[in-house]
Amino acid sequence: MDTVIVQLPESRPESASGGRPALLRMGPGEAALFGRGEPGRPVAIPLADQGVSRRAGEVTAAEDYWRLSNFSATATYVVENLEGAGEHVKVAPGRLGAPVPFEFSRVLLPALGEPAAFKVFAPQHAYLDGESGGGGGERTVSPFALDPTSKYFLVLLALCEPRLRSPSAAAVPGATDVVARLRALPSCRGLTRSAVNYHIDYLVVAKLRLRESADEDPAVGARAGGKREELVALALRFDLVREEHLALLPPRRGC
């Protein structure tokens, strides 16, 4: 059985083999404490910052995932998906055995200096091979049928790019920004602000069908850039636009 692997913090003495980070391998059912440790009672995952509890929590290996327990009475821990665009889960104070679905994760704890952190690598997840079998009847229709070769997809990608590259980015590009970003592509040399707005409306109404939700919430329609915000939020929430799609964009200046 593949193990869950914890990459121990850099503050721990490194292994003698080439200075590589020390690794803790855990089989299903095994658990490891993390924190500052107590005199004479070290923990398996040491975090030296004085702002971290002596017994801050515990990592427990399952089969192809792992669980995190938070022993703190006040601090919330964050588990980041290292493969995602800002995807994360929060583990509240006192929460025991919270399942973590990510294959590559970083655990962050509040600390006096930089956040205390360590990485956890779970076994590769298993996926269904092909479509699930089904009986007769009408064929299932994909709710989000997007064509990555289309110009509207490039517009959506340009809108999502800042948050794909930096999840903390707040502003969604405007139509003028999208034109400037895509103009270097041969297929977009004649792109205009009006054309960008047309593609945004097409995505809202026809492809992602956000019109109904916007009509129900007047604040969405009244807020500047409301449609763009809704498009970006939906596309990133359901992975309609992903980091590998960034290769479709022209190189950024200075890169």
Side-chain angles (χ1 to χ4, degrees), residues 1-126 162-170 236-237 239 242-243:
M1 176 66 194
D2 289 337
T3 57
V4 169
I5 299 174
V6 178
Q7 180 177 313
L8 300 178
E10 294 181 359
S11 59
R12 183 182 176 94
E14 295 178 340
S15 63
S17 56
R20 291 174 294 183
L23 303 177
L24 173 65
R25 299 180 182 272
M26 303 168 59
E30 294 182 342
L33 289 170
F34 59 87
R36 287 181 17 243
E38 298 172 323
R41 297 178 62 187
V43 295
I45 307 171
L47 301 168
D49 192 284
Q50 291 293 311
V52 175
S53 301
R54 294 188 181 278
R55 287 167 50 92
E58 186 176 64
V59 170
T60 304
E63 294 185 359
D64 62 350
Y65 70 100
W66 54 282
R67 299 192 298 271
L68 181 70
S69 294
N70 181 350
F71 296 162
S72 172
T74 58
T76 294
Y77 302 160
V78 176
V79 184
E80 296 179 329
N81 181 6
L82 294 178
E83 294 185 305
E87 188 178 13
H88 67 276
V89 295
K90 296 180 181 179
V91 182
R95 175 72 159 92
L96 300 178
V100 179
F102 312 139
E103 291 185 40
F104 303 100
S105 309
R106 176 167 50 226
V107 181
L108 298 173
L109 285 71
L112 296 182
E114 293 291 327
F118 59 92
K119 296 177 182 178
V120 182
F121 306 97
Q124 185 174 4
H125 293 171
R163 292 185 185 174
L164 278 173
R165 296 190 185 278
S166 175
S168 61
L236 296 181
R237 183 180 304 128
D239 283 341
R242 301 180 297 277
E243 288 187 40

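The analysis underlying the following values was restricted to heavy atoms, covering all of them including side chains, and did not include hydrogens, waters or symmetry mates.
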Can you tell me if Tyr77 uses its side chain to pair, donor with acceptor, with the backbone of Ala56 under 3.5 Å? yes

Are any non-hydrogen side-chain atoms of Asn81 and Ser105 less than 4.5 angstrom apart? no

Are the side chains of Val4 and Val120 in contact, using a 4.5 Å heavy-atom criterion? yes

Quick one: list whatever passes side chain to side chain donor-acceptor pair (under 3.5 Å) with Ser166, sequence neighbours left out. Ser168

In chain order, what residues pass the salt bridge (Lys or Arg N to Asp or Glu O under 4.0 Å) check against Arg242, with sequence neighbours excluded? Glu244

Donor-acceptor pair, distance only, cut-off 3.5 Å: does the side chain of Asn70 make one with the backbone of Gly57? no

Does the side chain of Val59 reach to within under 4.5 Å of the side chain of Phe118, using non-hydrogen atoms? yes

Hey, is CD on Glu38 packed in by over 12 heavy atoms from elsewhere, all under 6.0 Å? yes

Do the side chains of Leu8 and Leu23 get nearer than 4.5 Å, heavy atoms only? no

Nearest heavy-atom pair of Ala116 and Ala111: which atoms, and what distance? N-CB, 3.7 Å

To the closest 0.5 Å, what do you measure between CG (Leu24) and CD (Glu30)? 8.5 Å

Does a side-chain heavy-atom distance below 4.5 Å link Thr3 with Pro123? no

To the nearest 0.5 angstrom, please state how far the CZ atom of Phe121 sits from the CH2 atom of Trp66. 11.0 Å

Spacing of CZ belonging to Arg237 relative to CD belonging to Glu87, to within rounding of 0.5 Å: 12.0 Å

Please tell me if the side chains of Leu108 and Glu80 come closer than 4.5 Å, counting only heavy atoms from C-beta onward. yes

Quick one, Val6 and Met26 - any side-chain contact, counting heavy atoms below 4.5 Å? yes

So does Val52 get a backbone contact from the side chain of Arg36, meaning a donor-acceptor N/O pair under 3.5 Å? yes

Which pairs, with at least one residue in residues 49-60 and sequence neighbours excluded, count as a side-chain hydrogen bond (donor to acceptor under 3.5 Å, both in side chains)? none

Min side-chain heavy-atom separation Pro115-Leu109 under 4.5 Å: no

If I take atom NZ from residue Lys90 and atom CZ from residue Arg95, how far apart are they, to the nearest 0.5 angstrom? 15.0 Å

Correct closest heavy-atom pair for Ala92 and Thr76 would be CA-OG1, 4.3 Å

